[in-house]
Amino acid sequence: MRIGILLTLLLAACRPALAVQSVRVSPDSDAIDLTRAVERYSAQGDRIQVSTAPGPDGIVRRIEVSALEAGAQPSWIVFALTNDSDEQLTRLIVAPHFRFVGSGVVWPDLGSSRITTITASQGAAPERDDNASADVFRLTLDPGTTVTYVAELRNPSLPQLYLWEPDAFKDKSTSLTLYEGILIGIAGLLALFLTIVFVVRGAMIFPAAAALAWAVFAYVCVDFGFWKKMFGLEDATERIWRAGVEATIAATLIVFLFAYLNLRRWHVRYTHFALAWLVLMAAVVGLSVFNAPVAAGVARISIATVAGIGLMLILSLAARGSERAVMLIPTWYLLAVWVVAAGAAALGYLTNDLAAPGLVGGLVLIVMLIGFTVMQFAFSGAGGGGDNGADSERRSLAMTGSGEAIFDWNVVNDEVTGSDAIESQLGLKRGALEGPAAGWLDVLHPLDRDRYTLALDGLLHQRSGRINHDLRLRGSDGHYFWYVLKARPVVGPDGEVVRVIGSLADVTEIKSAEERMLHDAIHDNLTGLPNRELFYDRLASAMTLAQKPGTRAPIVLVIDIDQFKTVNDSFGLSIGDSALLAVARRLSRDMKPGDTLARLSGDQFGGIILDESHSTDLAIKIDRLRTALAAPISFGEREIALTVSIGAAVYDPKLHLKGGDLLADAQLALANAKKAGGDRVELFTPVMRSQRSDRQMLENDMRRALERGEIMVLFRPIVRLEDRTVAGFQAVVRWRHPKLGVLEEDEFASVAESTGATIDIGAYALETSARELAAWQKALEVNPPIFATVAASSRQMLSNDLVADVRSALSRHLVQRGTLRIAIAESVVMENPEYAAALLQRVREIGAALMLDRFGAGYTSLSHLPEYRFDAMRIDASLVRPKAMGARSPILRPLAAMAQEIGMDVISEGAETESDAVELAQIGCQFAQGTAFGQPMSAAATRKLMGAAPG
C-alpha cells in the first residue's frame with residue numbers, strides 16, 4: 001500500500017499539471033462554448049492522471065482515468081464546471097460530428113464521432129443521448145459543486161464543444177431541422193424541374209444545369225445528415241459521400257460552364273482542357289473511396305479554381321459581345337463571392353454558428369439563379385420564324401445561279417456544307433471547309449474570327465435576324481480573299497435554330513480598289529511615299545507628342561533637287577521619274593523607324609525626324625545626307641549627277657503653333673540654300689523670318705522702281721581678242737535702291753519675277769540698249785559694226801511680249817540689222833524647245849540677232865543647236881575658269897570649233913587677266929568679257945568711250 005502511494009506521488013512529481021480552470025454554469029444560460037476552455041492531452045497511454053479544479057473547500061485533488069480499451073493511446077480533454085446556484089442543473093455536452101467551419105481546405109476534417117466516454121470527478125457519470133449528428137452527453141450538477149470531467153476522444157480533432165440547456169438545444173435542433181427540410185425540398189424540386197426541362201427541350205445546356213442541381217441536392221442531404229438518418233450510414237461512409245459529392249459539384253460546374261458558354265463550338269482548346277479537368281474530377285471521386293480527406297481537398301480547390309477562371313472567361317466573352325456571357329455575369333459573380341465566404345469559413349476566419357447553414361442556403365440560391373438564367377435562355381424568342389428547309393434550299397439554289405457560293409450550317413450536327421466554289425478559289429482540298437463551323441477559324445483572318453463566331457452565336461440566341469459581314473479567308477498560298485457573308489437562321493418546330501443558310505460573295509476586287517483609293521488619297525503615285533496631306537497629319541501628331549515632357553522635338557527637312565527640270569528636258573520624263581525614284585530610295589534608307597519621308601511636290605521631298613539629338617552636329621549629319629544623294633545615278637550607259645539643297649527647322653513651341661509654321665520655316669531655310677547657290681544645307685534661324693520681311697519690302701519697292709527711275713542699264717564691254725578693240729557691250733540691269741544701295745540683277749531677279757516686273761524691266765532694257773547702240777553706231781562707223789546684247793527672260797518669251805518689245809525698240813531707233821543681239825539663256829530654250837524655235841525665228845525676221853547665253857551652266861543638248869540658228873554663243877564663266885592644277889575644261893576647244901563650224905561667234909566670259917585673254921584666243925574664242933576688260937559702265941561713259949554725243 002505504501003509502495004502504491006509512493007509511486008503515485010512519484011508520477012505526480014514527474015508529470016506536473018496545473019489544476020483545470022472551472023467554467024461557471026448559470027441557471028439562465030442556454031449555451032456555453034467550451035471549445036477554448038478545455039485542456040487537451042495526447043499520447044498519455046491508456047490512462048491519464050489530472051488535477052481537479054479546486055472545490056468549494058479550495059482543495060485540489062487528483063484523479064486517474066483509464067481508457068475504454070486497454071492498451072489504447074487516445075487523446076483526452078479535461079474541463080471543469082461549477083454550479084454556484086442553490087438548485088440542481090441538468091445540461092447537455094454536445095460535440096458535432098461534422099462542422100464545416102474550420103474544417104480546412106487541404107486535407108479537410110470531414111467529420112466523425114468525437115467523444116468515446118466522459119468521466120466525472122464526483123457524482124454520477126454523464127449519460128450518452130442518442131443523436132445522429134453529434135455526440136451528446138447528459139450531466140447533472142448539484143448545487144454548490146465543482147466537477148472535473150475527463151473525456152476520451154475517438155480522434156485528436158474536436159472542432160467544437162458546447163454546454164447546452166436541454167430545452168434550448170431541443171429548440172435549436174428543431175429550428176435547424178425545419179430549415180434543413182426546406183432547403184432539401186427546394187433543392188430537390190429545382191433539380192427535378194431542370195430535369196423535366198431537359199427532357200422537354202433536349203439542348204446540352206439543360207442536362208448540365210440539371211446535373212449541377214442534383215449534385216447540390218446530394219450535398220445538402222449529406223451536409224444536413226439526411227442520408228445518415230435515412231440509411232444509417234457509418235461515419236467512414238458519410239465521409240466518402242461528402243468527398244464524392246464535393247468532387248461532383250466541381251465537375252458539374254465545369255460541364256455547365258462549358259455547355260452554357262458553348263465553348264465546344266469555337267474553342268477546341270477549351271474542349272480539351274475541360275475534358276482533362278473532368279477526367280481529373282472522376283479520378284477524385286474514385287479517390288474518395290480510399291482517401292476521402294485528400295479527395296475533398298482537391299474538390300474544394302477545384303471549385304474555387306472553376307469559379308475564378310469561369311469569372312474571367314465570362315467577363316472576357318462578355319467584353320467581346322457574347323450575350324450568354326452577359327446573362328451569366330450576376331450569377332457567377334455571386335458564386336465567386338460564395339466561394340470566398342466558404343473559404344473564409346473553412347479556414348476558420350468566419351466562425352459564426354450560422355455560417356455553415358447560410359453557406360448551404362447560398363449554394364441552393366445560386367443554383368436557383370442558374371436555373372432562372374437557363375430558363376430565360378431557353379424560352380427567349382422561342383416563337384421564331386417558321387421557314388422550312390426546302391425554302392432555304394431553294395434560296396441556296398438561287399444563290400448558286402447568281403454566281404455566289406452557298407453557306408449552309410447544320411446547327412444540330414454542327415456541319416457546314418456547300419462551299420465547293422470557295423475551296424476551289426482558295427486552292428484548298430475538297431472538303432477543307434466542310435465540317436464543324438469552328439473549322440473555318442483556321443482559314444479566317446485573325447481579326448475576323450471574333451466577328452464570325454459572335455455573328456453565328458447571335459443568330460442562335462436571337463433565333464432571328466441576318467448576318468451581313470465582310471470576312472477574309474486565307475488561300476493555300478497564304479494570300480487572303482475578301483468575301484461578304486450574308487445568312488439568316490432557319491428555326492425548327494421547337495423554336496430552336498436548326499440551320500443557318502446564306503451566301504458568300506467574292507468582293508476581293510472591290511476591297512482592293514477601296515484600299516488602292518485610300519492609299520492613293522494619302523500617298524504619291526510615283527514613289528509610293530506619303531503625300532503632302534499625310535505629311536501634315538504626321539507632323540501635327542509629332543508636334544503634339546513633342547509637347548509631353550521628356551520627348552524630343554521633331555526636325556523637319558525639305559529636300560529639293562537642284563535644276564531638276566533640266567534633267568527632264570535633257571533626258572526625258574521617264575529618266576526624270578527614275579531619278580526621283582532613286583532619290584526616294586536613298587532618302588528612305590537613311591530614315592529610321594518612326595521617321596516620315598514624303599513627296600511634297602514634283603522634285604521636293606519632306607522629312608520628319610524624331611530621334612535625332614538636337615546637338616551642334618545636326619547640320620553635319622544632314623550634310624552627310626546631302627553628300628549621299630550626290631552620288632551619280634546610272635541609267636544604262638548614262639550617269640546623272642544630281643545635287644540637292646536641304647532646309648531644316650527644329651520644332652520650337654514658341655515659334656511653331658501649327659505644322660504649317662514649322663514646314664514654312666524649313667522651306668524658308670531651303671530658299672536661303674537655293675539663294676546661296678544650291679547644293680548645301682541651311683538650318684532655320686529666326687533671323688530668316690526678318691529676311692522674309694525684307695523680301696516683302698523689296699517686292700513693294702519693286703512695283704514702283706521703274707516709275708521712280710531706280711532701274712538703270714549698264715554696259716559691260718565685249719572685246720575682240722584679235723586686236724583688243726571693243727566690239728560691243730552687254731546690257732546689264734541694276735537697281736539703285738534708296739535704302740539698300742545698288743543691287744545686282746541676281747539679287748532682285750526673284751523679286752521682279754514674283755511681282756511681274758520682269759517684263760517691264762526687260763522692255764526698258766531693250767529700249768535703252770537700242771537707243772545707245774544707235775548712238776554708238778552713228779558716232780563710230782566701223783566694220784563690222786558695234787553690237788549690243790540684251791538678255792531676254794523666260795517670262796518675256798512665254799508671255800509673247802518679246803517680239804513686240806524688240807519690234808518697238810528697232811522701229812524707234814535706227815540700228816544696223818543684226819547688231820541688237822537678243823541673249824537667250826540655254827535653260828530658257830530647253831524649257832520648251834519647239835515653242836522657242838518658233839519664237840526666235842520671228843525675232844530674227846524682225847531684224848535682231850540671236851545669241852545663246854550662259855552656255856555650259858546647265859545640262860547641254862548639242863543636238864538642238866543647229867535648229868535655232870544662233871548668231872553667237874556666250875560661254876558661261878563656270879566652264880571657262882581653270883579647274884584643279886590650273887587646267888581649263890578640255891571641251892572648250894572643241895566647243896569653240898563646233899560653234900564656228902555652224903556659223904556662231906564665240907564670246908567667253910571669265911576673262912580676268914591678260915593671260916586668260918591670250919589663252920582664250922588660242923582656244924578659238926573670238927570675243928571675251930570680264931574684269932580684264934573693264935566693269936559695267938553707264939550709258940554716258942559708253943558714249944564718251946565711243947565718241948558719241950551725250951544723250
Side-chain angles (χ1 to χ4, degrees), residues 100 103-106 108 187 190-191 194 204-220 222-223 242-264 266-288 294-318 322 324-347 359-360 362-371 373-374 377:
F100 182 77
S103 61
V105 175
V106 181
L190 183 60
L194 290 176
M204 181 180 176
I205 187 175
F206 303 113
L212 177 60
W214 282 113
V216 171
F217 172 71
Y219 179 79
V220 172
V222 172
D223 192 70
R242 189 179 299 277
V245 169
E246 290 183 0
T248 304
I249 291 177
T252 52
L253 274 175
I254 297 171
V255 174
F256 170 76
L257 185 67
F258 188 81
Y260 181 84
L261 296 179
N262 206 7
L263 300 179
R264 176 181 61 88
W266 310 121
H267 308 280
V268 178
R269 294 181 180 177
Y270 291 167
T271 303
H272 297 162
F273 185 70
L275 288 176
W277 206 334
L278 288 177
V279 171
L280 174 62
M281 288 298 100
V284 171
V285 173
L287 178 63
S288 63
V294 173
V298 175
R300 293 183 180 186
I301 295 173
S302 180
I303 290 174
T305 305
V306 172
I309 294 178
L311 182 60
M312 291 188 292
L313 182 61
I314 290 169
L315 293 177
S316 175
L317 294 177
S322 173
R324 290 192 179 192
V326 172
M327 294 170 61
L328 194 59
I329 287 177
T331 303
W332 210 265
Y333 176 76
L334 290 178
L335 176 63
V337 173
W338 181 88
V339 168
V340 173
L347 294 174
L359 288 173
V360 176
L363 183 60
V364 174
L365 176 61
I366 290 172
V367 175
M368 186 179 298
L369 292 176
I370 288 177
T373 304
V374 170
F377 171 78

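For Phe100, the ring-ring contact (aromatic ring centres under 6.0 Å, His included) criterion is met by no residue, not counting sequence neighbours. For Val105, the side-chain contact (heavy atoms from CB on, under 4.5 Å) criterion is met by Arg300, Ile301, Ala346, Leu347, not counting sequence neighbours.
A pairwise comparison of heavy atoms in Leu369 and Thr331 identifies CB-OG1, 3.7 Å as the closest pair. Val285 and Ala247 make their closest contact through CG2-CB, 3.7 Å (heavy atoms, listed as atom of the first residue, atom of the second, distance). Across all their heavy atoms, Ala243 and Ser288 have their closest contact at CB-CB, 3.7 Å. Scanning all heavy atoms of the two residues, the minimum distance from Leu363 to Trp338 falls at N-NE1, 3.6 Å. In plain terms, the two heavy atoms of Val339 and Ala307 that are nearest each other are CG2-CB, 3.7 Å. Minimum interatomic distance between Val364 and Leu190 (heavy atoms only, all atoms of both residues): O-CD2, 4.4 Å.
Taking CD1 of Ile249 as the reference point, atom CD1 of Ile254 lies at 12.5 Å (rounded to 0.5 Å). The structure places CG of Leu278 at 9.5 Å from OG1 of Thr252, a figure rounded to the nearest 0.5 Å. Within the model, atoms CD1 of Ile366 and CG of Leu334 stand 6.0 Å from one another, a figure rounded to the nearest 0.5 Å. Atom CG of residue Leu280 and atom CG of residue Leu275 lie 12.5 Å apart, to the nearest 0.5 angstrom.
For the pair Met281 and Val298, the minimum side-chain heavy-atom distance is below 4.5 Å. Residues Trp332 and Thr373 fail the side-chain proximity criterion, which asks for heavy atoms closer than 4.5 Å.
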For the pair Leu257 and Ile309, evaluate side-chain contact (heavy atoms from CB on, under 4.5 Å) and give the outcome as yes or no after the intermediate values.
-> CA-CA 10 Å; Leu257 185 67; Ile309 294 178; over 6 Å; no
Carefully, step by step, assess Val255 and Phe258 under the rule side-chain contact (heavy atoms from CB on, under 4.5 Å).
-> CA-CA 5 Å; Val255 174; Phe258 188 81; 5.8 Å; no
List the steps and the verdict of side-chain contact (heavy atoms from CB on, under 4.5 Å) for Leu194 and Phe206.
-> CA-CA 7 Å; Leu194 290 176; Phe206 303 113; 6.0 Å; no
Do Ser302 and Trp277 pass the side chain to side chain donor-acceptor pair (under 3.5 Å) test, and can you show the C-alpha distance, the side-chain angles, and the key distance before you say yes or no?
-> CA-CA 9 Å; Ser302 180; Trp277 206 334; 3.0 Å; yes
